[in-house]
Number of protein chains: 2
Amino acid sequence: MGRHREFDVEKALDAVLCVFWRKGYEGASYADLTEAAGVERPALYSAFGNKEAMFGRALDRYYERYLDYLPKALQLPTTREVATHILYNAIDLNTRYADHTGCLVINGVLAGSDEAEPVRQVLIDARAAAEAQLRERFERAKAEGDLPETARPDALAAFLMAVLHGMAVQAKAGFSREMLEAVAEQALSTWPAR
Amino acid sequence: MGRHREFDVEKALDAVLCVFWRKGYEGASYADLTEAAGVERPALYSAFGNKEAMFGRALDRYYERYLDYLPKALQLPTTREVATHILYNAIDLNTRYADHTGCLVINGVLAGSDEAEPVRQVLIDARAAAEAQLRERFERAKAEGDLPETARPDALAAFLMAVLHGMAVQAKAGFSREMLEAVAEQALSTWPAR
DNA sequence: ACTTTTTCATAATGACCGTTATTAAACCGC
DNA sequence: GCGGTTTAATAACGGTCATTATGAAAAAGT
């Protein structure tokens with residue numbers, strides 16, 4: 001019993017996700033969040049708890065809604081296809097929305113005051129988890145013969161992630177899709193072959 | 001005439017530079033800055049003006065004191081030496097101080113509230129200027145025959161910057177020097193030869 | 001020694017931060 | 001319709017933000 005919720009929690013989550021994407025965790029104030037969600041402050045608190053929990057929900061949604069190309073890419077037959085698929089999907093994601101460029105994770109992982117440290121740690125872990133998935137995929141490729149014996153799966157994964165992070169920074173700095181594609185091509189130019 | 005300044009402005013600038021490096025522009029509060037500088041608030045205001053101007057002074061100092069390897073690298077004979085020198089000096093800079101890892105520019109360029117937009121724009125411009133210097137150097141190399149005719153100086157410069165930015169993110173996430181060196185090696189393996 | 005000028009430390013300013021009491025409104029079972 | 005319960009909106013909370021007014025302390029000119 002009791003009164004029904006008058007706003008769509010999923011819609012509100014989509015809205016606050018975009019705010020966090022654009023401004024980062026600390027840069028997003030409740031004034032921004034309530035305006036974007038079209039909902040007053042206490043409603044956000046009752047739906048999500050505090051700001052940190054709300055960011056966690058937004059991060060989960062980011063992964064399942066915008067980073068869904070990652071698990072799909074890992075299933076491609078060759079590591080070159082894996083890397084290519086990830087790079088080009090990341091470029092698209094980083095430049096698709098003019099008002100929130102770059103990557104939600106990278107935009108929030110770098111700077112900020114001490115009180116944002118727990119959130120930063122969550123983002124660091126998320127970044128590391130993605131890299132670990134890549135490394136495991138490349139280790140498998142090495143066992144399957146898709147990568148040469150001299151290849152270092154950990155270094156390849158770290159390199160690919162570095163290029164992705166760098167492109168996220170460049171996208172935030174206003175890079176065009178074409179320029180990012182040139183960066184991706186250069187990164188792929190000497191991908192180790194069997 | 002008048003009373004003398006009792007603190008060393010240069011020392012104070014070094015101190016606030018480290019705070020900005022670690023926490024970014026918005027993440028650094030005056031409480032942090034005064035504590036690090038060992039100087040009360042009005043002294044910082046009289047010496048540097050407001051927070052934005054103080055950050056600008058810190059950024060200038062960062063370039064002349066920590067990024068001095070960049071102009072030196074541009075004078076090396078081959079583009080491969082240029083890229084190698086920059087990558088390894090960046091790794092050293094990004095991991096040298098455990099309490100402020102990564103890069104001051106990249107740590108401040110990404111997210112933040114709207115009122116930090118002017119500072120963000122300054123950092124974006126600084127990033128673009130460094131990339132332009134690289135591009136011009138690579139164009140020269142192409143004319144000199146150090147790079148093949150098929151090489152794209154703009155793409156090479158953007159790629160090198162992307163790897164640098166990515167390594168700055170990874171350093172902030174706790175990467176070891178050895179892992180970053182593996183990333184740099186992988187990046188250099190794609191470098192075009194004459 | 002005294003006035004002038006600059007720097008110093010203390011403490012206050014208004015604005016905004018994330019978070020909640022508080023109260024009115026809307027729904028349920030009865 | 002009516003009590004019980006949940007949500008909604010208004011407005012307030014203490015704390016911190018960047019910035020500065022205030023007045024004491026210190027140095028230079030006369």
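We name chains A, B, ... by the order of the sequence lines, and we start the count at 1 in each one.
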For this session: Using atom NZ of A:Lys51 as one end and atom P of C:dT19 as the other, report the distance to the nearest whole Å.
Result: 8 Å
Problem set entry | Geometric class of the B:Tyr62/B:Trp21 ring pair [parallel <30°, tilted 30-60°, perpendicular >60°] | perpendicular
Exercise. Between the side chains of A:Glu81 and A:Thr84, is a donor N or O closer than 3.5 angstrom to an acceptor N or O?
Worked result: no
For this session: Provide, to the nearest angstrom, the distance between the CD atom belonging to A:Glu40 and the P atom belonging to D:dT6.
Result: 22 Å
Exercise. How about A:Tyr30 and A:Tyr45: does a side-chain donor come under 3.5 Å of a side-chain acceptor?
Worked result: yes
For this session: Figure out the CD/P separation between B:Glu26 and C:dA15, and round it to whole Å.
Result: 19 Å
For this session: Kindly say whether A:Pro118 contributes a backbone atom to a donor-acceptor pair with the side chain of A:Glu52 at under 3.5 angstrom?
Result: no
Seminar exercise, completed: Taking D:dT6, C:dT6, D:dT20 as options, the one with an atom nearest any side-chain atom of B:Arg3 is C:dT6
Problem set entry | Residue A:Glu6, side-chain heavy atoms: nucleotide from C:dC8, C:dA26, C:dC17 that is nearest | C:dA26
Problem set entry | Any B:His4 side-chain nitrogen or oxygen under 4.0 Å from OP1 or OP2 of C:dT7 | no
Problem set entry | Spacing between B:Asp114 atom CG and D:dC17 atom P, to the nearest angstrom | 20 Å
Exercise. Contact class for B:Ala28 (heavy atom, under 4.0 Å): base, sugar-phosphate, or nothing?
Worked result: sugar-phosphate
Exercise. Once you round it to whole Å, what is the distance between C1' of C:dA15 and CG of B:Asn50?
Worked result: 17 Å
For this session: Could you tell me the separation between the CZ atom of A:Arg5 and the C1' atom of D:dT7, rounded to a whole number of Å?
Result: 8 Å
Problem set entry | B:Ala43 side chain, from C-beta outward: closest of C:dC8, C:dT19, D:dT20 | C:dC8
Exercise. Hey, what bend do you get for the helix from C:dA1-D:dT30 to C:dC30-D:dG1 if you fit axes on five pairs at each end, rounded to 10°?
Worked result: 0°
Problem set entry | Distance in angstrom units between B:Leu33 CG and D:dT19 P, rounded | 11 Å
Exercise. Using 30° and 60° as the class limits, which term best fits the ring planes of A:Phe20 and A:Tyr25: parallel, tilted or perpendicular?
Worked result: parallel
Exercise. Starting at CZ of A:Arg41 and ending at P of C:dC16, how long is that distance when rounded to a whole Å?
Worked result: 11 Å
For this session: Any chance you could measure A:Thr79, atom OG1, to A:Glu139, atom CD, to the nearest 0.5 Å?
Result: 13.0 Å
Problem set entry | C:dG18 OP1/OP2 closer than 4.0 Å to side-chain N/O of A:Tyr45 | no
Seminar exercise, completed: Only residue of A:Asn50, A:Val119, A:Leu17 satisfying side-chain contact (heavy atoms from CB on, under 4.5 Å) with A:Phe55 is A:Val119
Exercise. Which sits closer to the 5' end of DNA chain D, A:Ser46 or B:Asp32, going by the nucleotide each is nearest to?
Worked result: A:Ser46
